[in-house]
Amino acid sequence: MPNAFDFSASPFDTLDADERGIVRAAVDIAYFADAETVLDDGAAPDGLFVLIKGHVSQFDGDEIVATYGPGDCFDGRSLVAGRAIGRFVAAEEVVAYRLATTAVNELISRNAAFGALLFSDLSNKLGALADRHHQREMRALTMARVDEAFLRPAHEVDGGTPIVEAARLMHARRSSSVLVRDGGRLGVFTNTGLQRAVATATASRPLADTPVRDFSTFSLVTIRPDAPLFDALALMIQHQVHRLVVTGGEAPAGNGTKIGAGTGAGTGTGAGAGAPVIGVLEQLDLLSFLSNHSYLITVQIAQADDLAALREPARRITQFVSVLHRGGVRVAQIGRLVQAINAKLFERAWQLIAPPELVAASCLFVMGSEGRGEQLLKTDQDNGLVVADDAPVADDVVADACERFSRALGEFGYPPCPGGIMVRNPAWRLRRAAFIQVVRRWLLTPDAEGLMALAIFLDAHPVAGDPALLAEVRASVDALVREDDALLGRMAAAIDMFPSETGGWWHRLLAIGDSHRQAERHALDPKKAGIFPIVHGVRCLALREHIAATATVERIDALVAAGRLPREMAVELTGSLHFLMELRLKAGLAELDVERPVSGDVATDRLSSLERDLLKDALAAVKRFKTLVRHQFHLSEA
């Protein structure tokens with residue numbers, strides 16, 4: 001009975017102490033020589049294998065369909081079926097644990113997560129994995145500090161300032177309050193105070209003559225910027241206040257100090273006595289942070305008066321993605337939020353740069369992963385502009401605005417597109433009629449460059465201006481596409497743009513091969529290996545069916561509804577896409593942590609056994625989908 005069994009690997013990490021005892025009592029060691037058959041096709045398996053040393057290849061006929069390495073287990077599905085599904089052969093000398101079938105069946109009956117991770121399909125495995133990480137988001141939020149939330153600027157007025165002037169300042173600064181400095185004390189004048197002042201104003205005491213101190217509150221509660229955010233919430237509840245003054249004084253971090261407690265005429269201490277005021281934390285902003293960090297960024301974007309003010313919320317977007325991912329939020333949700341935030345950022349930047357008459361008579365749009373709502377980290381700019389034919393704006397004015405916009409995005413961290421697919425390129429900023437003619441040329445006389453441009457344009461999503469202009473150009477595509485159009489076949493052939501290396505995915509995943517190629521084999525590009533084939537294959541099928549959606553999952557759902565994609569495959573594709581996106585995001589964040597350029601390449605030697613298993617399933621699903629696409633568009637095998 002081996003005592004060194006690794007219970008940290010999936011699915012054994014789901015077992016409790018008693019279930020681990022079942023494993024220890026029923027496991028032994030098995031040895032297989034190079035090229036020896038471990039399980040023959042159709043044979044009844046005598047247990048579940050967990051590899052200690054060596055690799056095992058799974059064959060379907062003469063084709064290798066999977067390879068298992070140290071830490072991997074196989075074959076749970078064969079145990080359930082009662083016969084081996086394929087032939088399992090030692091690719092070299094193999095040493096493995098063999099867990100008796102009776103023990104496996106007992107574990108499955110006792111532990112649903114173990115069973116799901118052992119032999120279920122991709123979607124169930126991903127579901128089980130999500131359940132195990134369900135609580136991570138709230139744990140991450142409980143560690144947030146006050147200065148990570150949105151702090152409103154602390155605008156101050158003198159206590160003798162007329163209420164009308166204070167109200168004008170609040171309106172100009174888009175604030176619900178101003179701080180009131182009255183001698184040695186510090187108070188706050190809020191919308192509630194303004195309402196009380198209006199309700200009690202009289203002819204003998206008009207608002208223009210009423211000092212703001214008379215309707216201010218001088219019982220403030222302060223907090224340090226490095227205090228836990230949940231301490232701030234506790235202070236608000238304790239003192240029944242809706243805002244805290246954030247100060248940088250000497251009070252211990254996390255302690256709330258009440259200023260002028262008791263009456264409106266009290267003498268201020270703490271912040272009121274000279275401690276620097278950093279800002280004001282509003283209850284709404286605090287609660288919004290705890291429920292959704294994106295609110296804070298969008299507030300900053302909406303309040304930006306110039307491009308410089310947009311740099312901070314643009315910087316926060318990557319931080320926001322990191323917090324959400326490490327908090328367990330699913331990539332599909334992150335992608336939708338990032339798309340919405342980026343749209344607000346781009347719209348506000350465009351409004352600050354372009355003349356109002358251009359904003360009103362044009363449609364700024366984004367494409368690529370940004371257009372599909374699948375961008376997670378900042379990538380190359382992919383954007384364009386459709387200008388109304390009768391827009392009262394000179395072309396040189398349009399060109400200048402577009403150049404400034406592209407430059408601003410670069411300053412915000414969105415690098416220029418190497419292929420020039422952005423508004424500073426005259427080819428991607430056109431009047432409506434000219435844009436329609438260009439799209440017609442892509443369709444009717446397609447070449448490689450035109451097909452690429454068309455594929456990118458199909459993901460276009462409006463972010464500012466008049467979306468009807470983009471819709472008119474997009475409609476010209478649908479008007480020319482026919483189900484039997486050879487164009488669709490030429491477009492769909494791009495699913496094989498990144499062919500698999502000799503030896504297949506499985507050898508690449510487990511780095512089987514010459515030692516001098518190990519480092520190269522450990523790096524896997526999820527975009528080339530799986531994301532692009534899914535996205536582009538679905539895009540082509542959606543184009544044929546005149547599906548207007550741009551998001552890949554929405555296109556998949558529409559294809560199922562149209563009877564053009566089997567539901568089982570749709571579930572596989574959705575799960576595979578999201579899993580590959582998550583791997584790429586995780587790799588990109590790790591690169592940012594060590595200040596390396598973001599490539600998103602996955603180090604397969606650092607994946608857990610569960611991640612390797614899911615990656616194999618995802619890439620197998622991609623392979624099946626590519627076969628379907630080739631069949632649908634009558635393409636030859638790559």
Side-chain angles (χ1 to χ4, degrees), residues 153 172-174 294 296-318 320 338-371 373 375 378-432 434-435 438 456-457 459-473:
R173 299 300 184 182
R174 301 186 183 93
S294 62
L296 309 174
I297 301 174
T298 55
V299 166
Q300 288 182 303
I301 291 171
Q303 293 186 346
D305 293 323
D306 52 36
L307 292 177
L310 288 176
R311 292 195 184 101
E312 177 59 20
R315 184 194 66 79
R316 276 177 171 250
I317 293 174
T318 298
F320 164 67
V338 169
Q339 183 187 44
I341 295 171
N342 279 342
K344 292 296 183 184
L345 177 69
F346 298 163
E347 179 183 34
R348 187 60 184 148
W350 183 242
Q351 291 170 344
L352 291 170
I353 290 170
E357 58 271 22
L358 175 58
V359 174
S362 67
C363 179
L364 179 71
F365 60 90
V366 294
M367 297 170 284
S369 59
E370 178 65 42
Q375 184 188 97
K378 292 175 181 175
T379 56
D380 299 341
Q381 298 180 36
D382 282 319
N383 48 54
L385 183 73
V386 182
V387 183
D389 294 328
D390 58 353
V393 185
D395 289 344
D396 60 336
V397 173
V398 176
D400 177 68
C402 289
E403 176 63 32
R404 292 172 58 201
F405 180 77
S406 294
R407 188 164 60 246
L409 292 196
E411 294 172 356
F412 296 160
Y414 302 86
C417 174
I421 303 173
M422 48 188 177
V423 292
R424 70 161 32 142
N425 183 347
W428 286 95
R429 59 168 193 267
L430 297 168
R431 302 273 173 168
R432 183 196 65 87
F435 222 129
V438 168
I456 293 170
F457 178 74
D459 296 337
H461 178 77
V463 296
D466 184 0
L469 291 168
L470 177 62
E472 290 178 27
V473 180

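The chain is numbered in sequence order, starting from 1.
- The side chain to side chain donor-acceptor pair (under 3.5 Å) contacts involving residues 339-359 comprise N342-E370, N342-Q375, N342-Y414, R348-Q351, where partners must be two or more places apart or lie in separate chains.
- Between I421 and I456, the closest heavy-atom pair is CD1-CD1, 3.2 Å.
- What you find for A408 and I353 is that their closest heavy atoms are CB-CD1, 4.1 Å.
- Applying the salt bridge (Lys or Arg N to Asp or Glu O under 4.0 Å) criterion to R404, with sequence neighbours excluded, gives no partner residue.
- Annotation: salt bridge (Lys or Arg N to Asp or Glu O under 4.0 Å) contacts of D380 (sequence neighbours excluded): none.
- Contacts of A340 classified as side-chain contact (heavy atoms from CB on, under 4.5 Å), with partners at least two apart in sequence or in another chain: none.
- Considering only residues two or more places apart in sequence or on other chains, V438 meets the side-chain contact (heavy atoms from CB on, under 4.5 Å) condition with L430, R441, W442.
- In this structure, the separation between NZ on K378 and OG1 on T318 is 4.5 Å, given to the nearest 0.5 Å.
- Applying the side-chain hydrogen bond (donor to acceptor under 3.5 Å, both in side chains) rule to R173 yields no partners; only residues at least two apart in sequence or on another chain are considered.
- With sequence neighbours excluded, the residues forming a salt bridge (Lys or Arg N to Asp or Glu O under 4.0 Å) with D395 are R431, listed by chain and number.
- Partners of D389 by side-chain hydrogen bond (donor to acceptor under 3.5 Å, both in side chains), not counting sequence neighbours, listed by chain and number: R432.
- Annotation: side-chain hydrogen bond (donor to acceptor under 3.5 Å, both in side chains) contacts of D382 (sequence neighbours excluded): none.
- The side-chain contact (heavy atoms from CB on, under 4.5 Å) test applied to D305 returns R174, not counting sequence neighbours.
- For N425, the side-chain contact (heavy atoms from CB on, under 4.5 Å) partners at least two apart in sequence or on another chain are A427, W428.
- For residues 407-427, every residue pair satisfying the salt bridge (Lys or Arg N to Asp or Glu O under 4.0 Å) rule, not counting sequence neighbours, is listed here: R311-E411, E403-R407, E403-R424.
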